Amino acid sequence: HRIYTQNIYNNFKYLKVCLDNHYTQLKNAPQVDIVMPTFQRAHVISKAIDSCLLQTHSKWKLYVCDDGSDDGTEEMLKNKYSHDHRIIYIRLNHQGVSEARNAGLYRSESDYIAFLDSDNTWDENYLKLMLSYMECYSLESAYCQISLQDDNNHIRDFRGDMFSWQSCLKQNYIDLNCFMHRGHLYM
């Protein structure tokens with residue numbers, strides 16, 4: 001088990017170096033629209049938004065789609081993030097997470113669309129690595145493995161398998177928080 005884990009880690013380090021090199025060669029790095037549905041998450045949404053602000057790829061817009069929260073989410077976001085024009089707050093009537101996510105998708109205009117739930121965070125290189133990978137291999141969509149961490153940032157588990165259409169048809173195992181696609185697939 002330890003050897004297998006070490007091999008994955010070494011392969012990841014090599015891939016990360018290759019993708020970093022590819023990213024520096026992109027002449028005009030494309031913009032990414034990030035769709036973040038939220039409902040009653042005023043107590044945790046800042047961590048999610050801050051993980052967007054820390055991205056090494058800074059050409060993005062974040063659509064925070066509030067599904068009718070009444071816990072102070074709107075006030076907190078306006079007080080803390082109104083200075084950043086990349087963060088767009090969308091107030092909705094409560095209709096569920098799918099409608100909230102769709103509201104962000106309807107407004108997206110970029111070449112790439114990514115998703116982040118309001119109680120999750122990304123590694124600071126997430127957007128850069130996903131963009132590099134998709135551009136390098138001319139992909140329409142991509143996903144990656146995610147680590148599940150507790151409140152103390154200890155890794156509890158990993159999710160993500162090699163893609164199998166047959167397995168995915170039986171049960172979708174792709175987490176939207178680590179999925180990105182080209183904008184024209186939705187528009």
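Counting begins at 1 with the first residue of the sequence. FYI, side chains are in, hydrogens and waters are out, and symmetry mates aren't considered; it's all heavy atoms of this structure. These numbers come from a predicted model, not from an experiment.
- A heavy-atom distance below 4.5 Å is not found between the side chains of Thr121 and Tyr126.
- Tracing side-chain contacts under 4.5 Å through hydrophobic residues (I, L, V, M, F, W, Y), one reaches Leu62 starting from Met130; they form part of the same cluster.
- Salt-bridge check for Asp117 with Arg101: passed, with a basic side-chain N closer than 4.0 Å to an acidic carboxylate O.
- Shortest non-hydrogen contact noted between Cys65 and Leu92 is CB-CD1, 4.2 Å.
- Between the CD atom of Gln55 and the CG atom of Asp123 there is a distance of 7.5 Å, given to the nearest 0.5 Å.
- If you run side chain to side chain donor-acceptor pair (under 3.5 Å) between Asp67 and each of His94, Gln95, Gln40, only His94 comes through.
- Using a 4.0 Å cut-off between charged nitrogen and carboxylate oxygen, Lys80 and Asp50 count as a salt-bridge pair.
- Between Cys52 atom SG and Leu127 atom CG the span is 7.0 Å, to the nearest 0.5 Å.
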(request) Test Tyr112 against Glu135 for side-chain contact (heavy atoms from CB on, under 4.5 Å), laying out the working first. (result) CA-CA 11 Å; Tyr112 291 91; Glu135 288 278 321; 2.4 Å; yes
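- Residue Leu53 holds its CG atom at 6.0 Å from CZ of Arg86, rounded to the nearest 0.5 Å.
- Leu176 and Phe39 are members of different hydrophobic clusters when ILVMFWY side chains are connected at heavy-atom separations under 4.5 Å.
- Without hydrogens or angle criteria, His57 side chain to Leu129 main chain gives no donor-acceptor distance under 3.5 Å.
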(request) Go through the steps to decide whether Ile45 and Met76 satisfy the test side-chain contact (heavy atoms from CB on, under 4.5 Å), and finish with yes or no. (result) CA-CA 10 Å; Ile45 194 171; Met76 187 278 298; 3.2 Å; yes
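- Distance check, rounded to the nearest 0.5 Å: CZ of Arg41 to OG of Ser46 gives 13.5 Å.
- Rounding to the nearest 0.5 angstrom, the gap separating the CD1 atom in Ile34 from the CD1 atom in Ile49 is 10.0 Å.
- Proximity of a side-chain donor or acceptor of Asn79 to a complementary backbone N or O of Glu75 within less than 3.5 Å is detected.
- Remark: the backbone N or O of Leu54 is not paired with any side-chain donor or acceptor of Trp122 at under 3.5 angstrom.
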(message) Apply side-chain contact (heavy atoms from CB on, under 4.5 Å) to residues Leu77 and Thr38 and explain how you reach the verdict.
(response) CA-CA 12 Å; Leu77 292 176; Thr38 190; 5.6 Å; no
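- Hydrophobic clustering keeps Ile90 apart from Tyr106 (ILVMFWY residues linked when any side-chain heavy atoms are closer than 4.5 Å, directly or through intermediates).
- Aromatic ring pairs are classed by plane angle as parallel below 30°, tilted from 30° to 60° and perpendicular above 60°; the pair His83 and Tyr81 is parallel.
- Here the CD1 atom belonging to Ile87 is positioned 4.5 Å from the CH2 atom belonging to Trp60, to the nearest 0.5 angstrom.
- Of all non-hydrogen atoms in Ser51 and Leu116, the two that sit nearest each other are OG-CD2, 3.8 Å.
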(message) I'd like to know whether Ile88 forms a side-chain contact (heavy atoms from CB on, under 4.5 Å) with Arg107, so could you lay out the CA-CA distance, the side-chain angles of the two residues, the decisive distance to 0.1 Å, and finally the verdict.
(response) CA-CA 10 Å; Ile88 297 127; Arg107 287 168 176 81; 5.7 Å; no
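- Both Leu169 and Phe179 belong to a common hydrophobic cluster when Ile, Leu, Val, Met, Phe, Trp and Tyr are linked at side-chain heavy-atom distances under 4.5 angstrom.
- Residues Gly183 and Ile113 come closest through the heavy atom pair CA-CD1, 3.8 Å.
- Ala142 and Met134 make their closest contact through CB-CG, 3.7 Å (heavy atoms, listed as atom of the first residue, atom of the second, distance).
- Looking at every heavy atom in both residues, Ser118 comes nearest to Pro37 through OG-O, 3.5 Å.
- For the pair Ser110 and Gln31, the tightest heavy-atom approach, listed with the atom from each and the gap, is OG-NE2, 3.0 Å.
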